[in-house]
Amino acid sequence: MSRAPVFSGLAVAGLLFVYALPAQASDTKAAVVEWLDSMKGGTEFVFDYGGVRDGPAADGVTVENYSFDWRPVFPGADGSLRVQMIIDELHLDGFEKTAGGYRARRYAVPGAIVVTMTGGSGDLAGVATVATISRVTSNNVFIPTYVLPPEDPRRPVSQFVDLLREQLKATVESATIDRVLIVQTKDGVTLSEMEYSGYDMKGIGNGRLEEMRLDSYRQTQFPQKSKEPGAPDPGIERLDYRQGITVQRGFDMTPLLDWMTGEGSTGDANHRIAIADATVSDISVTAGPVSVKVDSYSIVGLKIRAGTLSFLGLLDRAVLGETVSEDESRSLGVQMVRGMALDEWSMNGIAFDGPNGLKGRADGMRLRDVSNEGLGELAFGGIDFTGIGGQTVRLGNASIGKVIFPDLDAIIRAVRQGAPEDPFEAANLGPKIGAFEVSDLFVDTSQQPPLSLGLYRLQQSGFIGAVPTDLQMKLEGLDLPVALIQDPAIRNVLAAIGRDVLKLAGDLSLSWNETSQDLTLQTLDLSMQDGANLSFKAGLSGLPKAALQNTEALQQAIATLTVNNADLSVSDAPIVTALIEHFAHASNLSPEAMRAELLRSVAQAAGPLQSTIFFQEAQAALSAFMAQPGSLSVGIAPASPVPLTQILGLAATAPQQIPTTLGATVTAN
């Protein structure tokens, strides 16, 4: 089969029929006829026309009954696929030959272009697809000429790349299509319909489309039932999809072509824009009782970076029946992931309605700065969801950002060799999350008190491997139902003292300094409304960088760690009184007797520490705090940092010396 007529036919059918301009025509009717006659003949591809006459314009030509019939044969196909195209009238105005190609002031099909595809194997067997393209007009068109080189049997696919690159040099100032209707049928039954209305395109040239506008699009999938007696109903609902105005700007095919060939500056290190921006509005999907509506969605800055591996080259080998190795396939997949990047994607005004009261709403979702290296932000908000059983979920906002993705090569090694045994190395295979936030969350299952959250915010930075060296956390307005606590003993105790919801808040600030090797817990504050407030601060030194990178170094760091200071305080703790009264009642004791019993238990647990001044101070402070739980503080402030190994040694040999060594103090109220 000759490649020239095949690609002429494909171009007519696929590229808005702009490339169907006569490639050997002159500005005379005779030359047009000569070109058309040269397209006739062949076995797999048959071209024909009815005649050529003067067109409506003074400098125009009209081609009547322009048609082709193509029966392509692909490896593994059954040879039944057939593609036909018919154009009743094709107008060419101001057509002329120029250096390197041909120009036309206007190219128009006033009626319809009908393309029919039938035959095929597998899922296409028995399916007929008819595309009707109505009223096509293009202005100021230039089509380059190109001489096909000899066929290369070793490159059944990639040999056409040069032809495609030359054809991408074609230019069109503007083009319009009134309507495209695509209908699929099987055995006389309609399977699906797709309709595009109001195409308007500007600035086509060198593989770019400056702007495209589509007024509307609809698609309908019809449910199909088996004709076999007794066959079950597939349960597939009719699916209707609608969208309003679509606008796309700055589409460029060349970055994708470079990626497919591996020829982008022999692996261009920079991403290039394939789509500058695109917006789709007024989207709706309906399938039986389920409907989804979206006000709009958009993308900005879809970019592609070429690699050095040719996808088309591997496809050549596959078509020829040659084996493509697992390593080559994996490398192509990695190249694909590394080759894609996106500045922003967003969806706004989302609504969902289903059966039995199921419904949901969302203000929108947004993705920013996505590539194989990381994610700038994933955010969504304004969510209101109602389940079938009346469950309710509301969310003000949620976001995850400053995410660093793991190295692809490391993941591949882990897949092939198994995950590393060291927890630090295994953690490196996961993403590093720099920011996470949830606000105004409300969950009501109607089976327990609602869960609500005012704010949860986590910020992490300064990663060494997977370990952040600066961590900030804030928790506000958490109403936690006691029923959600996993430990049954804690649940029972809290229920016994009348706590069915815990109202919690907290702050955490932790940092590590590489120069000083100091690990500092600046803040750990937890508070429970009508419960207690807890605050803890601490400082350690002698934690080397290596200890944050592997388990063995962390274990060895025990020898270098020193304790600098620490302070723990509990205040405003009415829950202490409630717990003492609960345990007293359960033990048939008075609250005073229960406090005395608890103090005796503490003394027994203190062991050798009972002989120290610190214990006497601690016992007096604890007694006062249990009687009136205003505040209790325990602090350590040694004259100089104390090695952790020294503390461990004293704990084993002379624990009574620990309070003095650490400069420990305890006070109450």
Side-chain angles (χ1 to χ4, degrees), residues 158 252-275 299-318 322-345 365-379 399-436 458-469 545-546 548-551:
S158 62
D252 192 344
M253 187 176 177
T254 54
L256 177 60
L257 187 59
D258 288 345
W259 177 88
M260 295 179 70
T261 59
E263 296 175 0
S265 303
T266 61
D268 193 339
N270 299 315
H271 284 90
R272 291 183 291 157
I273 295 176
I275 299 178
I299 63 172
V300 177
L302 175 62
K303 295 175 287 190
I304 298 176
R305 178 176 62 192
T308 56
L309 190 63
S310 172
F311 166 75
L312 294 181
L314 295 182
L315 190 58
D316 281 337
R317 290 166 52 190
E322 298 178 3
T323 301
V324 177
S325 71
E326 183 178 342
D327 285 343
E328 288 174 313
S329 299
R330 185 183 296 112
S331 297
L332 183 64
V334 171
Q335 179 172 292
M336 178 183 294
V337 173
R338 286 178 171 160
M340 301 296 173
L342 180 66
D343 288 344
E344 184 171 317
W345 171 91
M365 302 174 60
R366 181 178 68 250
L367 273 170
R368 291 191 305 105
D369 299 332
V370 186
S371 71
N372 72 290
E373 296 178 351
L375 167 67
E377 180 186 40
L378 166 61
S399 65
I400 181 172
K402 301 179 181 178
V403 181
I404 302 172
F405 292 149
D407 180 67
L408 286 173
D409 293 332
I411 293 178
I412 291 173
R413 284 194 301 270
V415 170
R416 299 174 68 177
Q417 303 173 7
E421 295 183 1
D422 190 291
F424 285 88
E425 294 182 26
N428 288 335
L429 299 177
K432 303 176 183 65
I433 299 174
F436 176 74
L458 174 67
Q459 295 178 311
Q460 303 180 111
S461 60
F463 285 92
I464 295 178
V467 180
T469 59
K545 181 178 179 179
L548 307 180
Q549 296 174 304
N550 65 80
T551 302

Original post:
Taking atom CD1 of I404 and atom CD of E373, what is their separation to the nearest 0.5 Å?
Top reply: 10.0 Å
Original post:
Could you state the interatomic distance from CH2 (W345) to CD1 (I299), rounded to the nearest 0.5 Å?
Top reply: 11.0 Å
**OP:** Taking the side chain as every heavy atom from C-beta outward, state whether P420 and L429 have any pair of such atoms under 4.5 Å apart.
**Re:** yes
Original post:
Would a 4.5 Å heavy-atom cut-off, applied to side chains only, mark L332 and E328 as touching?
Top reply: no
**OP:** Report the residues that fulfil side-chain hydrogen bond (donor to acceptor under 3.5 Å, both in side chains) with D369, sequence neighbours left out, ordered by chain and then residue number.
**Re:** none
Subject >> Side chain to side chain, Q460 and K432, heavy atoms closer than 4.5 Å >> reply: no
**OP:** Using a 4.5 Å cut-off on heavy atoms from C-beta on, say whether the side chain of D258 contacts that of R272.
**Re:** yes
**OP:** Using the test salt bridge (charged side-chain N to carboxylate O under 4.0 Å, His left out), find all partners of E322 that sit at least two apart in sequence or belong to another chain.
**Re:** R154, R317
Original post:
Hey, what do you get for CG (D409) to OG (S331), rounding to the nearest 0.5 Å?
Top reply: 9.0 Å
**OP:** Would you please name every residue forming a side-chain hydrogen bond (donor to acceptor under 3.5 Å, both in side chains) with D407, sequence neighbours left out?
**Re:** none
Subject >> Heavy-atom pair of closest approach, residues K402 and A435 >> reply: CB-N, 4.4 Å
Original post:
Taking only residues two or more places apart in sequence, or in another chain, which ones meet T469 in a side-chain contact (heavy atoms from CB on, under 4.5 Å)?
Top reply: I464, W512, L548
Original post:
CG/L342 to NE2/H271 distance, rounded to the nearest 0.5 angstrom?
Top reply: 10.5 Å
**OP:** Quick one: do E326 and R416 satisfy side-chain contact (heavy atoms from CB on, under 4.5 Å)? Show the steps, please.
**Re:** CA-CA 12 Å; E326 183 178 342; R416 299 174 68 177; over 6 Å; no
Subject >> Residue pair Q335 / W259, side-chain heavy-atom distance below 4.5 Å >> reply: yes
**OP:** Identify, with sequence neighbours excluded, every residue that meets side-chain hydrogen bond (donor to acceptor under 3.5 Å, both in side chains) alongside D343.
**Re:** K303
Original post:
Is the closest side-chain donor-acceptor distance between D252 and T254 under 3.5 Å?
Top reply: yes
**OP:** Locate the shortest heavy-atom distance separating S310 from G313; write the atom from each residue and the value.
**Re:** OG-N, 2.8 Å
Subject >> Atom pair CZ (F463) and CD1 (I433), whose distance is rounded to the nearest 0.5 Å >> reply: 8.0 Å
Original post:
Would you say L375 and F405 make side-chain contact, with heavy atoms under 4.5 Å?
Top reply: yes
Original post:
M340 and I304: side-chain contact (heavy atoms from CB on, under 4.5 Å), yes or no, with the steps?
Top reply: CA-CA 5 Å; M340 301 296 173; I304 298 176; 3.8 Å; yes
Subject >> Side chain R305, main chain R338, donor-acceptor under 3.5 Å >> reply: yes
Subject >> Distance, nearest 0.5 Å, that separates CE of M260 from CG of L315 >> reply: 8.0 Å
Original post:
Is there a donor-acceptor contact under 3.5 Å from the side chain of D422 to the main chain of N550?
Top reply: no
**OP:** For Q549, check side-chain hydrogen bond (donor to acceptor under 3.5 Å, both in side chains) against everything at least two apart and list the hits.
**Re:** none
